[in-house]
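Report on the following structure.
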Protein chains: 2
Amino acid sequence: MSGDGDDAGALLDQPGSGEIELVKVLHALGDPTRLHLLRIYASGEQCDCSSERLGLGHLHKSTVSHHMRIMREAGITSTRVVGRNRYVQLRRADLDARFPGLLDALLKSLEV
Amino acid sequence: MSGDGDDAGALLDQPGSGEIELVKVLHALGDPTRLHLLRIYASGEQCDCSSERLGLGHLHKSTVSHHMRIMREAGITSTRVVGRNRYVQLRRADLDARFPGLLDALLKSLEV
DNA sequence: CAAACTGTTTGACATCCATCAAACACTCTC
DNA sequence: GAGAGTGTTTGATGGATGTCAAACAGTTTG
């Protein structure tokens with residue numbers, strides 16, 4: 001059923017847009033797997049955590065969950081719980097507001 | 001004396017401008033001390049490693065040397081040996097060429 | 001309700017990392 | 001050349017990290 005009123009799913013805990021710390025963002029992205037995830041989410045994907053589109057088939061599901069948490073707690077992504085799935089999304093507006101130009105520069109750098 | 005012909009000092013080993021890897025740069029900057037160093041060097045300083053202007057008096061000199069190496073091997077800084085001093089400098093042009101806009105965005109984000 | 005599904009949590013483990021301390025290498029100065 | 005100065009290298013150590021595996025929790029379906 002639909003639960004207790006949230007028709008779009010509940011949002012997992014995450015830092016407020018003004019609380020995102022640069023050093024945590026950089027630390028989170030200083031890992032190949034999470035940098036790969038940034039690329040995926042930036043392409044507009046909003047897929048669940050076990051999607052094949054993530055390209056993480058070589059990692060255990062608990063490891064993927066671990067990376068998801070790091071990115072969410074750093075303020076890079078937001079996670080919405082819908083049913084038994086988690087939909088992860090890039091916090092593009094929040095990141096742009098806090099660190100103008102950074103995300104765009106990072107995404108452009110990823111293409112190199 | 002002047003040594004063997006290098007009047008500006010020898011350059012320590014560093015990756016070529018085309019070999020700088022984004023994930024290594026982000027990993028290097030995902031640390032409070034090194035992010036602090038980035039801010040110092042970006043201000044145009046080109047001081048030796050034990051300068052009080054680095055604001056690292058609380059760290060052992062070998063620890064500072066360790067951070068210097070991480071940043072140099074990531075391609076963020078270049079180190080020139082002059083006499084018994086090491087002059088460290090931000091590789092602004094190389095970083096801009098490889099990752100356009102990234103350094104500016106990072107420095108602007110540091111002001112927040 | 002039972003079974004399947006999705007993802008988290010906990011534990012274990014090997015590795016990496018930031019830090020300090022001591023020894024070393026190199027350079028400058030006396 | 002002896003001593004001082006600057007920074008690196010090596011070793012040690014405690015803490016963080018990435019990974020897997022197993023157990024668990026919530027949800028959907030039969």
Side-chain angles (χ1 to χ4, degrees), chain A residues 1-14 21 23-24 26-37 46-54 56-74 77-89, chain B residues 1-14 23-24 26-37 46-74 77-89:
Chain A
M1 293 295 187
S2 59
D4 52 5
D6 253 344
D7 64 345
L11 217 59
L12 292 189
D13 261 358
Q14 63 181 35
E21 293 176 35
V23 67
K24 287 189 181 176
L26 297 179
H27 181 260
L29 296 180
D31 174 271
T33 300
R34 295 191 291 261
L35 204 52
H36 170 79
L37 285 175
Q46 192 187 346
C47 42
D48 52 275
C49 296
S50 60
S51 170
E52 299 174 355
R53 286 179 293 181
L54 291 183
L56 297 181
H58 56 108
L59 289 180
H60 196 276
K61 59 179 181 172
S62 61
T63 302
V64 176
S65 178
H66 165 71
H67 286 302
M68 299 292 192
R69 189 160 66 99
I70 300 282
M71 295 190 73
R72 176 170 49 82
E73 290 179 347
T77 58
S78 67
T79 301
R80 209 160 33 84
V81 180
V82 178
R84 56 187 173 191
N85 297 312
R86 263 79 171 166
Y87 292 101
V88 179
Q89 192 175 231
Chain B
M1 296 292 185
S2 59
D4 52 6
D6 252 343
D7 63 345
L11 217 58
L12 291 188
D13 261 359
Q14 63 181 34
V23 67
K24 286 189 182 177
L26 297 179
H27 180 260
L29 296 180
D31 173 90
T33 300
R34 295 191 291 260
L35 204 52
H36 170 79
L37 284 175
Q46 192 187 348
C47 41
D48 52 275
C49 297
S50 60
S51 170
E52 298 174 355
R53 286 180 293 182
L54 290 183
L56 296 181
H58 57 108
L59 289 181
H60 197 277
K61 60 178 182 173
S62 61
T63 302
V64 175
S65 178
H66 165 72
H67 286 302
M68 299 291 192
R69 189 161 65 98
I70 299 282
M71 295 191 73
R72 175 170 49 84
E73 291 179 348
T77 57
S78 67
T79 300
R80 207 161 35 85
V81 180
V82 179
R84 55 188 172 190
N85 297 312
R86 263 77 168 167
Y87 292 101
V88 179
Q89 193 176 228

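Owing to the predicted nature of the structure, the values given are computational and were not obtained by experimental measurement.
- Regarding B/Leu59, its CG atom lies at a distance of 17 Å from the P atom of C/dC17, rounded to whole Å.
- Remark on DNA chain D: of its neighbouring residues A/Arg34 and B/Arg72, the 5'-side contact belongs to B/Arg72, judged by nearest-heavy-atom nucleotide.
- Checking C/dA21, D/dT28, D/dT6 against the side-chain heavy atoms of B/His60 singles out C/dA21 as nearest.
- In this model, the phosphate group of D/dT8 is not approached by any side-chain N or O of B/Arg84 to a distance below 4.0 Å at OP1 or OP2.
- Summarising the geometry, the separation between CG on B/Asp13 and C1' on D/dG7 is reported as 17 Å, rounded to the nearest angstrom.
- The nearest whole Å value for the distance from the CD atom in A/Glu73 to the P atom in C/dT8 is 11 Å.
- Residues B/Asp31 and B/His36 have side chains not in contact (no heavy-atom distance under 4.5 Å, counting atoms from C-beta outward).
- Rounded to a whole Å, the NE2 atom of A/His58 is 8 Å from the P atom of D/dT19.
- Remark: A/His66 NE2 to A/Ser62 OG distance equals 9.5 Å, nearest 0.5 Å.
- The side chain of B/Asp31 lies closest to C/dA18 when the candidates are C/dC20, C/dG7, C/dA18.
- Residues B/Thr63 and B/His60 meet the side-chain proximity criterion, which asks for heavy atoms closer than 4.5 Å.
- Positionally, the nearest nucleotide of DNA chain D for B/Thr79 lies more toward the 5' end than for the other of B/Thr79 and A/Gly30.
- Considering only heavy atoms from C-beta on, B/Leu54 comes within 4.5 Å of B/Leu37 through its side chain.
- To the nearest angstrom, C1' of C/dT8 lies 18 Å from CE of A/Met71.
- Atom NZ in A/Lys24 sits about 11 Å away from atom P in D/dT17, given to the nearest Å.
- Looking at heavy atoms from C-beta onward, B/Thr33 lies in side-chain contact with B/Leu59 at the 4.5 angstrom threshold.
- Contacts between residues 61-70 of chain B and DNA chain C, defined by a heavy-atom separation under 4.0 Å, are made by B/Ser62, B/Thr63, B/His66, B/His67.
- Counting to the nearest Å, the P atom of D/dT27 and the OH atom of A/Tyr87 are 14 Å from each other.
- Taking atom NE2 on A/His27 and atom P on C/dC17, their separation rounds to 9 Å, with Å as the unit.
- Here the CZ atom belonging to B/Arg34 is positioned 8.0 Å from the CE atom belonging to B/Met71, to the nearest 0.5 angstrom.
- Atoms CE and CG, on A/Met68 and A/Leu12 in that order, are 11.5 Å from each other to the nearest 0.5 Å.
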